[in-house]
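Remarks on the structure that follows.
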Amino acid sequence: MAALSKSIPHNCYEIGHTWHPSCRVSLVQITWAALEESLKIYAPLYLIAAILRKRKLDYYLYRLLPEILQSASFLTANGSLYISLFCFFRKILGKFYAWTPGFGAALPASYVAILIERKSRRGLLTIYMANLVLLFCITAAMYMFFFRCKDGLKGFTFSALRFIVGKEEIPTHSYSPETVYAKVEQKREKLEEKPRRMNIIGLLRKLLNSICKHGPRHRCCKHYEDNCISYCIKGFIRMFSVGYLIQCCLRVPSAFRHVFTQPSRLLSLFYNKENFQLGAFLGCFVSIYKGTSCFLRWIRNLDDELHAIVAGFLAGISMMFYKSTTISMYLASKLVETIYFKGIEAGKVPYFPHADTVIYAISTAICFHAAVMEVQNLRPSYWKFLLRLTKGRFALMNRKALDVFGTGASKEFHDFIPRLDPRYTVVTPELPIEFS
C-alpha cells in the first residue's frame with residue numbers, strides 16, 4: 001500500500017494532463033473525447049434495446065434521443081469531473097498525495113456523475129472474484145427461477161427474458177397439465193384453418209416440422225405448434241439469428257468509415273468470428289434451457305418452477321462461446337439488486353437510501369485509483385475502456401513521478417517519460433530517452 005503521508009510537489013500538468021499545460025484546454029479535450037465515445041456506446045445500445053422491446057413510434061420521436069443523451073452525459077461527466085477535481089485538489093493542497101490523483105478525485109466525480117444517469121440504470125457494481133462462466137451459470141439459474149415464479153420479475157428484465165426464451169416458458173399457474181393438453185388440440189385446429197404463406201420462414205418451418213414430425217411432446221409442455229425436438233431447434237435458430245444481426249449492427253459504424261478506402265472491410269461486417277460467437281451464445285442458451293426444461297418435464301411428469309434453476313444453470317455454460325465480463329457482471333449486479341429489493345418488500349432486509357449510488361462511486365473510484373497508481377492490477381478490458389473514453393490520454397500520465405508512493409505506477413509503461421514544457425513545470429522535467 002502506498003504511504004499516504006508522502007507527497008510530491010509536481011503540478012497537475014506534470015502528472016496528469018501532460019499533453020497540454022492548460023487545465024481548461026485539457027478539460028475541454030477530455031470532455032469532447034468522452035462525449036464522442038459515449039454517444040458511440042449508447043446510441044446503438046438504446047436503439048437495439050428499443051427494437052427488442054418493440055417500442056412504439058412515440059418512443060423513437062420523443063424519448064429515445066433524450067435517454068441516449070442522458071446516459072452519454074453521465075459517462076461524459078464521469079471523465080470531465082475527474083480531470084477537474086484532479087486539478088482542483090492539486091491547487092488547494094499545493095502538492096500531490098498518494099490518494100489525490102486516483103481515489104480522491106474519482107470518488108466525488110463518480111458520485112455526482114451517477115446522479116445524472118437514470119435511476120433504473122444505476123445497477124450495483126461489484127468486484128467479481130469468481131470464474132466468469134460459473135458466475136454466469138449461477139446468475140442465469142437464479143434469473144430463470146425468478147422468471148418462472150409468479151411475480152418474480154417485472155419490467156424490462158421480464159420482457160427481455162420472454163423475448164429470449166419465448167412466451168411458452170412463461171408460468172401459467174392457473175393452468176393444469178390437462179388444460180394445457182386440451183388447448184394443444186384447439187390450437188392445431190385453428191392453425192389448420194389458416195393457410196400459411198410460403199415465404200422463407202414458412203419453408204424453413206415446414207422443413208423443421210418434417211424433420212421432427214414424429215418427435216414427442218409432453219402433456220405439460222405449452223409449446224403448442226411444435227414437439228420438444230423442433231421446439232429446441234427453432235429456439236436455437238431464432239436466437240442465433242438475433243445475436244448475429246445484433247453484432248452486425250454494432251459493426252456497421254466502423255465498417256462504413258472505411259467503405260471508400262478499404263471496401264474489402266465490408267465483408268467483415270457479415271463474416272466475422274464475433275458475429276457467430278454472439279449468435280452461438282444466445283442460440284445455445286435458449287436451446288439448452290428449453291431442452292433441459294422439456295427433459296425435466298418428461299422425467300418428473302410435471303411442470304415445476306424449480307426446473308428453471310437446473311435449466312438456467314446448464315444454459316449458462318453457453319457463455320463459453322462469448323466470454324463477456326461486461327454481460328456477466330452486469331447481470332450479476334442486477335440480480336443482487338433484484339434480490340435486495342425483494343428482501344425489502346418481504347421486510348427481511350433494511351432499506352439503505354442511495355445504496356446503489358454510493359457503491360457505484362466507491363467501486364469506480366477504486367478502479368480509477370488502480371488505473372493511475374497500479375495499472376497492473378486493473379482488468380485489461382476496463383483499462384482499454386478508459387483509453388477509448390479519453391482517446392488514449394489516460395496513458396500519458398507521468399506515472400514515473402508517482403513511483404515514489406511505492407505502487408509501481410510506471411511498471412507497465414516501460415519507462416515512458418512525457419515531453420514537458422519547462423516553462424510550466426515546478427520540478428525540472430526529466431528528458432525523454434531518445435532511441436536511435
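Note that the coordinates shown come from a computational prediction; the quantities given were computed from them, not determined experimentally. Throughout, numbering of the chain's residues begins at 1 and tracks the sequence.
Taking all atoms of both residues into account, the shortest heavy-atom contact from Ser38 to Leu389 is OG-CD1, 4.0 Å. Residues Leu85 and Pro108 approach most closely at CD1-CG, 3.5 Å, considering heavy atoms. Contact record, Phe385 with Ile41: CE1-CD1, 3.8 Å, taken as the closest heavy-atom pair. Between Pro101 and Tyr97, the shortest heavy-atom contact is CD-O, 3.0 Å. Closest of all the heavy-atom pairs between Asn227 and Ser230 is OD1-N, 3.0 Å. Taking each heavy atom of Ala140 and Phe285 in turn, the nearest pair found is CB-CE1, 3.8 Å.
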Can you list the steps and then say if Phe405 with Trp99 is a side chain to side chain contact (heavy atoms under 4.5 Å, CB included)? CA-CA 10 Å; Phe405 298 117; Trp99 57 272; over 6 Å; no

One pair to check against side chain to side chain contact (heavy atoms under 4.5 Å, CB included): Leu302 and Arg297. What are the steps and the verdict? CA-CA 5 Å; Leu302 57 88; Arg297 283 191 282 261; over 6 Å; no

Evaluate side chain to side chain contact (heavy atoms under 4.5 Å, CB included) for Thr18 paired with Met397, printing each intermediate quantity in order. CA-CA 6 Å; Thr18 60; Met397 296 183 71; 5.7 Å; no

Working note: Ile309 + Met144, criterion side chain to side chain contact (heavy atoms under 4.5 Å, CB included); need CA distance, chi angles, decisive distance, verdict. CA-CA 6 Å; Ile309 296 180; Met144 301 317 299; over 6 Å; no

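Counting heavy atoms of neighbouring residues, nucleotides and ligands inside a 6.0 Å radius, atom CZ of Phe416 exceeds 12 of them. Crowding of Phe88 atom CZ: a count of heavy atoms from other residues, nucleotides or ligands under 6.0 Å not exceeding 12.
When side chains are defined from C-beta on, Lys56 does not count as touching Leu61, because their heavy atoms never get closer than 4.5 Å. Taking the side chain as every heavy atom from C-beta outward, Leu64 and Leu47 approach each other to under 4.5 Å. Contact of the Phe394 side chain with the Val372 side chain is registered, since non-hydrogen atoms from C-beta on lie closer than 4.5 Å. For the pair Arg63 and Asp58, the minimum side-chain heavy-atom distance is 4.5 Å or more. Annotation: side chain of Tyr244 is not in contact with side chain of Leu278 (no heavy-atom distance under 4.5 Å). At a threshold of 4.5 Å between non-hydrogen side-chain atoms, the residues Leu306 and Val310 do not count as touching. With contacts defined as side-chain heavy-atom distances shorter than 4.5 Å, the pair Ser73/Ile116 qualifies. Contact check for Tyr82 versus Ser110: no side-chain heavy atoms found under the 4.5 Å cut-off.
Rounded to the nearest 0.5 Å, atoms CG (Leu161) and OH (Tyr289) are 8.5 Å apart. Annotation: the span from Ile164 atom CD1 to Ser159 atom OG amounts to 11.0 Å, rounded to 0.5 Å. To the nearest 0.5 angstrom, Leu69 atom CG is 10.0 Å from Tyr46 atom OH. Taking CD1 from Ile246 and CE from Met239, the interatomic distance works out to 6.5 Å, rounded to the nearest 0.5 Å. Rounding to the nearest 0.5 Å places CZ of Phe313 at 12.0 Å from CD1 of Ile288. Between atom SG of residue Cys12 and atom NE2 of residue His17 there is a gap of 3.5 Å, rounded to the nearest 0.5 Å.
Aromatic pair Phe86/Phe96: ring centres closer than 6.0 Å. Aromatic pair Phe103/Phe368: ring centres not closer than 6.0 Å.
Between the Gln247 side chain and the Gly279 main chain, no donor and acceptor come within less than 3.5 Å of each other. Not a single donor-acceptor pair under 3.5 Å links the side chain of Thr76 to the backbone N or O of Thr31. For Thr100 (side chain) and Gly104 (main-chain N/O), no donor-acceptor pair under 3.5 Å exists by modelled atom type. In this structure, the side chain of Ser287 engages the main chain of Cys284 through a donor-acceptor pair within 3.5 Å. In terms of modelled atom types and a separation under 3.5 Å, the side chain of Lys411 and the main chain of Glu374 share no donor-acceptor contact.
Cation-pi geometry between Arg238 and Phe163 is satisfied (NZ or CZ under 6.0 Å from the ring centre, within 45° of the ring normal). Remark: Lys342 is positioned above the aromatic ring of Phe146, its terminal NZ or CZ atom under 6.0 angstrom from the ring centre and at most 45 degrees off the axis.
A donor-acceptor contact under 3.5 angstrom links the side chains of Tyr59 and Glu67, judged on distance only. Trp383 and Glu412 share no side-chain donor-acceptor pair at under 3.5 Å. Checking Asp403 against Ser410 by side-chain atom types alone, a donor-acceptor pair falls below 3.5 Å. His307 and Arg300 are linked by a side-chain donor-acceptor pair at a separation below 3.5 angstrom, with hydrogens and angles left out of the test.
Salt-bridge annotation for Lys391 and Glu36: present, with a side-chain N of the basic residue lying under 4.0 Å from a carboxylate O of the acidic one. Here Lys40 pairs with Glu37 in a salt bridge; the nearest charged N to carboxylate O distance falls below 4.0 Å.
With sequence neighbours left out, Phe240 forms a ring-ring contact (aromatic ring centres under 6.0 Å, His included) with Phe236.
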